[in-house]
Amino acid sequence: MRYITAGESHGPQLTAIIEGVPSNVPFSFDEINKQLERRQKGHGRGRRMQIEKDTAKIVSGVRHGFTTGAPITLVVENNDWTHWQKIMGAEPIPEEDEARRRVSRPRPGHADLNGAIKYHQRDMRNILERSSARETTMRVAVGAVARILLEQFGIRVAGRVKQIGEVIARDRELSLSELIEITEASPVRCVDPIAEKKMMELIDKAKEDGDSLGGIVEVVVEGVPTGLGSHVQWDRKLDSRLAQAIVSIQAFKGVEIGIGFEAAGLPGSQVHDEIVWNKESGYSRTTNRAGGLEGGMTTGMPIVVRGVMKPIPTLYKPLMSVDIDTKEAFTAQIERSDSCAVPAASVVAEAVVAWEIACAMCEKFPSDALEDMIANVKDYRAYTESF
Ligand code: EPS
């Protein structure tokens, strides 16, 4: 499977085209819209999220509630477009027209300056409109399609916020269903009520100070068969694909799988997971420090991936920058933004992980129709248990 997205933050719409989804997958509009709504929430979001009510239109590849095997096109309209038609219109307007809302003072930490130099743009709006995290709307919509496919095989994806700024959440042993229930009820998608309160206070303080905050999110996937991905080639290793997917999310700077960076300070005996076998379910591990991945392949244990998001670079009290017209020192441009989008980013992380797992499933069980794929997965699962 593959997909691409298109669309600007304040353009008329966002679009995604997905290719390779098998036919006859029962398609749920509610599931896509539920995921889009989850992304819009979270303490620390800006005013834009009150303007938008992200809902997906499906304009190809689905008929009478089922995929046909043809490319699926998803569209989310930007409500804010009504205020931006002149600023973002496709028609030519004079260079000096105020309506361009031209941007000449790049924000440190954003794509503005590098993009402007690379694409020969004297108006950095032509860069920031596309580099904006508004694009994650389509990642979540695409991820929702992946989740619908994964559900057919009992594979479930959940996420949580582990850290915002300096506040680190305490870990709790939870089932996936409990994790989902608690995080859905939390304004910061956190399972530790004490940390949740502190995170919200910290976000309020950052907002008051015109500052922004980053954090750490974690995604868990349960129900994956053993042997997705491969050890034989660098770009077929599932952990490497997950790492790319996570770091491709706007403002993400790092990724960990399982115990991650902690492994550097521990001896092998405390890093690797012992292998056990029983008659009912076959092979398993006594622990899951590897985060469900060994040798670029799934072990059958839950996949655990974390990503670190830097604080959003748009600051209401901006850092110093340079005006590209005069080369004089100036504070960076202020664009409307969020003070903290880590809770929303955890939903995006779930989506990109779901997509990679769905792709790995389609590679392991290539099928044109869902019926074939279900039969293939069933046979393989029976084989794995008897191995
Ligand atoms: C948005 C993410 C952020 C928001 C954006 C909507 O994007 P950026 O990466 O550009 O900061 O600020 O909203 C606006 C650009 C706006 O006009 O408020 C999102 O996740 O939908």
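Counting starts at 1 for both ligands and their atoms, following the listed order.
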query = At a 4.0 angstrom heavy-atom cut-off, what protein residues surround ligand 1?
reply =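 Within 4.0 Å of ligand 1, the protein residues are Ser9, His10, Arg39, Arg45, Arg48, Met49, Ser132, Ala133, Arg134, Arg336, Ser337, Asp338.
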request  = May I ask you to say whether Lys162 pairs ionically with Asp171, meaning some side-chain N is under 4.0 Å from a carboxylate O?
outcome  =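 Between Asp171 and Lys162 there is a salt bridge, with a charged N closer than 4.0 Å to a carboxylate O.
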message = Does this structure show an ion pair linking Lys197 with Glu201, if we count only N-O contacts that are shorter than 4.0 Å?
response =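 A salt bridge is present here (some side-chain N lies under 4.0 Å from a carboxylate O).
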message = So, using salt bridge (charged side-chain N to carboxylate O under 4.0 Å, His left out) as the criterion, who are the partners of Glu385 when residues are at least two apart?
response =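 By the salt bridge (charged side-chain N to carboxylate O under 4.0 Å, His left out) rule, Glu385 matches no residue at all.
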ask   = Sequence neighbours excluded, which residues qualify as side chain to side chain contact (heavy atoms under 4.5 Å, CB included) partners of Glu356?
value =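 Arg241, Leu242, Ala245.
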Without placing hydrogens or testing angles, list every side-chain donor-acceptor pair under 3.5 Å for residues 252-269, not counting sequence neighbours.
| from | atom 1 | to | atom 2 | distance (Å) |
| --- | --- | --- | --- | --- |
| Glu256 | OE1 | Arg306 | NE | 2.9 |
| Glu256 | OE1 | Arg306 | NH2 | 3.2 |
| Glu256 | OE2 | Phe261 | N | 3.0 |

ask   = Under a 4.5 Å side-chain heavy-atom rule over Ile, Leu, Val, Met, Phe, Trp and Tyr, are Val221 and Phe365 clustered together?
value =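 Yes; tracing contacts between hydrophobic side chains, which count when under 4.5 Å, links both residues.
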